[in-house]
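Lettering follows sequence order; numbering is per chain, from 1. Model, not experiment: these values are computed from the prediction.
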Amino acid sequence: MVTVTIWGNLRAYTDGRATLEVEAASFKQLLDRLALDYPGLRPQIARGVSLALDGRIYREAWFTPIKPDSEVVLMPYMAGG
Amino acid sequence: MALDPTGKRIFKVVGTRPPRPDGIDKVTGRALYGADVSAPGMLVGRILRSPHPHATIVAIDTSAALALAGVKAVVTAADFAPQTDPTLRDIQDNCMARGTVLYDGHAVAAVAATTAAIARAALKLIKVTYAPLPHVTDVDAAMRADAPVVQAGRALESVPAGMPDNVTHRCEFGHGDLDAAFGGADLIVARSFTTAATHQGYIEPHACLASMTGDGKGDLWCCTQGQFNVRTICAALLGIEASQLRVTASEIGGGFGGKTNVFIEPVALALARKSGRPVKIVMARDEVFRATGPTVSSSIDVKIGMTKSGRITAAEADLRYSGGAFPCLTIEMGAQAAFAAYDLAAVRTIGWNVLTNRPKEAAYRAPGAPQAIYAVESVIDEACQKLGLDPLEVRLINAAKKGTKSSYGPTFDDIGLLATLNAAKAHPHYRAPLGPHQGRGLSAGFWFNFGGNTCVSLNVNTDGTVGVTEGNPDIGGSRAAISQMAAEELGIPYAQVRTMIADTASLGYNDVTDGSRVTFAVGLATIKAAQDATRKMCARAARIWGIDPEAVEWVDGAAVPAGPNAGKFPPLTLAEIAAVSFQTGGPIAGHHEFNADGAGVSFGVHLCDVEVDPETGATKVLRYTVFQDAGRAVHPAYVEGQMQGGAVQGIGWALNEEYIYGPDGRLQNAGFLDYRVPVASDLPMIEAVILEIPNPGHPYGVRGVGETPIVPPLAAVSNAVSRAIGVRMNRLPMSPPRVLAALGAKG
C-alpha cells in the first residue's frame with residue numbers, strides 16, 4: 001500500500017481527500033488502481049500525468065517501481081519549451 | 001576514471017570550452033536553415049490569412065485562383081484528414097481554419113504556384129465570404145459572463161459548472177491552512193498584475209520544403225525543435241503512415257519553444273500532394289507574429305503574509321492565462337511554479353485557462369513560469385520594502401532547500417537555491433552604490449526540467465574517430481556538449497568526435513528539444529551508448545588477448561586487463577581496436593534508447609540595476625548579473641550563453657515586448673520595428689555566474705539550464721524600476737508611456 005498525494009482540483013473526485021491509499025508497486029499499477037477506484041480521475045489520467053517519486057519526476061515510465069515508504073505525488077504532465 | 005582527493009570524478013573534457021562545431025558554418029553563411037533547401041521543379045507556397053479576429057467562413061471560392069496560369073494547387077481545410085483526437089484537431093484547425101476563423105491571421109487557404117508573384121496574385125483571387133462574429137482579446141474580459149464565446153463546449157471536467165464558456169480549465173495546487181497562516185502575518189500584501197503576450201522572437205521565420213510522390217511517400221525539410229514530433233503530427237493530419245514520411249530538421253535560427261509545433265508543414269505537404277511537385281513555404285515576418293505562437297497573456301492576483309522578521313507565513317495566487325483561441329494547459333506549469341522557490345507552511349495557487357481571439361499559444365522557455373513568478377517576486381519585494389527588510393536576506397530566510405515540501409507537492413532533493421542566493425549576496429553587484437533615478441531589483445526563479453524519450457547511436461570509425469547520431473535539433477549548443485560527453489566517456493579527444501542530427505528515418509524516436517532536456521537526456525543516452533561501445537571494444541580486446549571479456553576494463557581510452565590475474569597485456573587503444581574491427585567481428589557501435597527521468601529542478605537568482613529617465617519614462621539597464629545552479633556545466637560558454645540569452649529575452653518582456661491588439665481585434669505591431677526586442681546596444685554585458693550543484697539523477701551531475709534564466713528577469717527588472725521611481729509597477733511591459741503614467745499618478 002502506498003500513499004499518493006494528489007493536486008488540489010482532483011480532490012473533487014476523491015471525496016475531498018488530498019492523499020489516497022493505493023495498492024500499487026509500479027507507476028502503471030498506480031494509474032490503473034486510481035482510475036478504477038476514482039472514475040472521476042480518468043479524464044486527467046488519459047490526458048497525462050507525471051509522478052514524483054521521492055522528489056524525482058517521472059513523466060511516463062509504467063514500470064517504475066514504487067516502494068511502500070516512498071513519497072508519491074501525482075502531478076500534471078510536464079511540458080516545456 | 002581519475003578521482004580527486006575527495007572522491008569526486010576529475011573530468012578531462014567536460015567543463016572545457018572547445019570551439020563550437022557549427023561556428024564556422026554559421027558565420028560564413030554555409031549553414032543550411034529552413035529556407036535554404038530547394039528541389040527541382042519546386043513550387044512556391046503562400047497562405048491566405050483571415051483579416052477578422054472572429055468570423056464564420058460562409059464560403060471559399062478558389063476557382064479564379066486555380067484558373068490563374070502557374071497555379072498548381074489550392075488547399076483548404078477540406079484537404080486534410082478528419083481528426084477525432086481533440087489535440088490533433090486543434091493543431092489542424094490552427095493550421096487551416098475549418099468553418100470559423102478564430103484570430104487575426106488565421107490561415108484559411110493556401111496556394112502553390114510556379115513563382116512567388118503568381119502565388120501572391122492567386123491569394124487575391126480566392127474569394128472568402130465571412131460573417132464576422134464578436135471577438136475578445138483580453139483575458140479578464142473573456143472571463144465575463146457576457147463575453148463573446150470563442151469556442152463553446154471546450155471546458156474540461158475541471159471547470160466548475162456555471163463558468164463562462166471561454167474558461168476551459170481550472171487547476172489548484174498547494175498545502176496547509178491558509179486562513180490560520182495569514183493570521184500569523186504582521187503584514188499582508190495583495191496586488192494584481194498583468195503581463196502581455198510576447199513572441200519567442202526567433203530571427204529565422206518558419207520555413208519548410210515538402211515533397212510527396214505519387215505512391216504516397218513524403219519528405220519534409222523544415223526548421224523545427226523536433227522532427228519526430230513533426231512527423232507524428234503531419235502523418236496524422238495527412239492521413240499517411242509515419243514510416244512513409246521522412247522529416248529532416250534544418251539548422252535552426254532560434255526556437256525558444258516556438259518551434260515545437262507545426263504551422264506550415266502540413267500545408268506544404270498537402271500542396272505537394274495535390275500538385276505532385278515539391279512546395280516550399282517561408283513565412284513572412286508578419287505571418288510569424290500573427291499566426292505562430294506567442295506565449296500566454298496573463299492576469300494574476302497574489303497575496304502574501306510576512307512577519308516583521310521576513311518569514312513568509314502564507315501565500316496564495318489566482319492566475320488567469322490565455323493561450324489564445326484553443327484550450328491550453330500552460331496554466332498548470334505556472335500555477336505549480338509560482339511559489340516553488342520558497343519553503344511555505346501554507347500555500348495555494350488556483351489557475352484558469354481562458355480562450356481569447358488570439359493565436360494559439362506556443363511554448364516559450366519555461367512556459368507559464370515567468371508570468372507567475374513575476375507576480376510573486378514583485379509582492380515579496382513590496383513586502384520587503386514596507387517592512388524595511390533586505391530582499392535578499394528575506395529570500396534566504398524563506399528559500400526552499402533539500403527536504404522542503406515544495407509548493408507543488410514533492411519534497412526537494414539536492415537543489416541549488418541557497419547557493420545561488422549566497423553567491424548573489426557575496427557578489428560586488430549587490431553592494432554597488434546606486435545613483436539618482438536608479439534602482440536595483442532582485443528575483444529568484446525556478447524551472448522543473450525534464451528528460452524524455454531519447455535514442456542515440458555512437459559509431460566507432462576505423463580511423464579511431466567517433467560519430468554520434470542523435471535526434472534533437474541543436475538550439476543551444478547540444479552538439480558540442482554531446483561530443484564532450486562522448487569524448488569523456490570514451491577517453492578520447494573532443495576533436496575526434498562529431499555529433500550529427502538524424503532525420504526521422506535514421507534513428508529511433510526522440511522527443512522534441514524542449515524542457516531543457518537535451519544536454520541532460522541525450523547526454524545521458526550518449527554516455528550509455530559510449531559504455532555500450534566500450535563493452536564491445538573490451539570484448540574485442542579480450543578475443544585478441546585470448547582472455548575472458550569480464551577480465552578487461554576500459555580505462556582512459558583503452559582496453560586494459562582488469563587485474564593481475566587477467567594477464568599482462570599492453571593497453572589497446574580505441575584507435576587500435578577500431579583499426580582491426582573488420583578482422584575481429586565487424587563494425588563497432590554503441591546504442592542506447594530510453595525514456596529519461598531524473599532531470600533535477602533548477603533555480604536562478606538575477607540582480608538588475610536600472611536607471612529611469614523621469615522625462616521620457618525610458619528605462620536603461622545598467623548592470624545585470626545572473627546566478628544559476630547549472631549542475632555540472634558541460635560547456636560553460638554555452639551555459640553562460642543560455643543564462644545571458646534568457647536574461648535578455650526576459651528584459652525585453654519586462655520593458656518593451658507585447659502583442660498590441662486594436663479595438664478591431666487585429667494585431668497592431670506584427671513586425672520587429674513595432675515589436676521591440678532588445679538589441680546588443682540596448683544592454684550591458686550580462687554577467688553569468690555558474691553554480692555547480694550536481695544533479696543526483698545524472699552520472700556527471702548535469703541539469704538542464706536553458707529555461708530557468710528567462711524566469712527571474714521580469715520581476716528583477718520590475719522591482720528595479722519600482723524602486724527607482726518609487727511606484728510599484730504591476731503591468732508588463734513597462735514601456736515608457738506606462739512608466740510616465742505611473743510617475744504622473746504618483747504626482
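In this structure, the portion of Phe256(B) lying under 4.5 Å from any heavy atom of chain A is its backbone and not its side chain. When heavy atoms are compared at a cutoff of 4.5 Å, Glu707(B) approaches chain A solely by way of its side chain, counted from C-beta outward. When heavy atoms are compared at a cutoff of 4.5 Å, Ala12(A) does not approach chain B at all. Within the 4.5 angstrom heavy-atom criterion, only side-chain atoms of Gln225(B), from C-beta onward, approach chain A.
With chain A as partner, the option from Asp514(B), Thr411(B), Asp597(B) having the largest number of non-hydrogen pairs under 4.5 angstrom is Asp597(B). When Gly258(B), Pro367(B), Gly255(B), Gly409(B) are compared by the number of non-hydrogen pairs under 4.5 Å with chain A, Pro367(B) comes out ahead. Note on Lys259(B), Arg365(B), Gln336(B): by heavy-atom pairs under 4.5 Å with chain A, the leading option is Gln336(B). The most heavy-atom pairs under 4.5 Å with chain A, out of Asn595(B), Ile710(B), Ile350(B), come from Asn595(B). Chosen from Gly706(B), Gly598(B), Ala363(B), the residue pairing most often with chain A at heavy-atom distances under 4.5 Å is Gly598(B).
With Trp352(B) as the aromatic partner, Arg320(B) does not meet the cation-pi criteria of under 6.0 angstrom to the ring centre and within 45 degrees of the ring axis.
Ser407(B) and His175(B) share no side-chain donor-acceptor pair at under 3.5 Å. Side-chain N/O atoms of Thr295(B) and Glu361(B) include no donor and acceptor closer than 3.5 Å. With 3.5 Å as the limit, one finds a donor-acceptor pair spanning the side chains of Arg517(B) and Thr454(B).
Salt bridge Asp511(B)/Arg59(A): present, at least one basic N to carboxylate O contact under 4.0 Å.
Counting heavy atoms from C-beta on, the side chains of Thr349(B) and Leu319(B) come closer than 4.5 Å.
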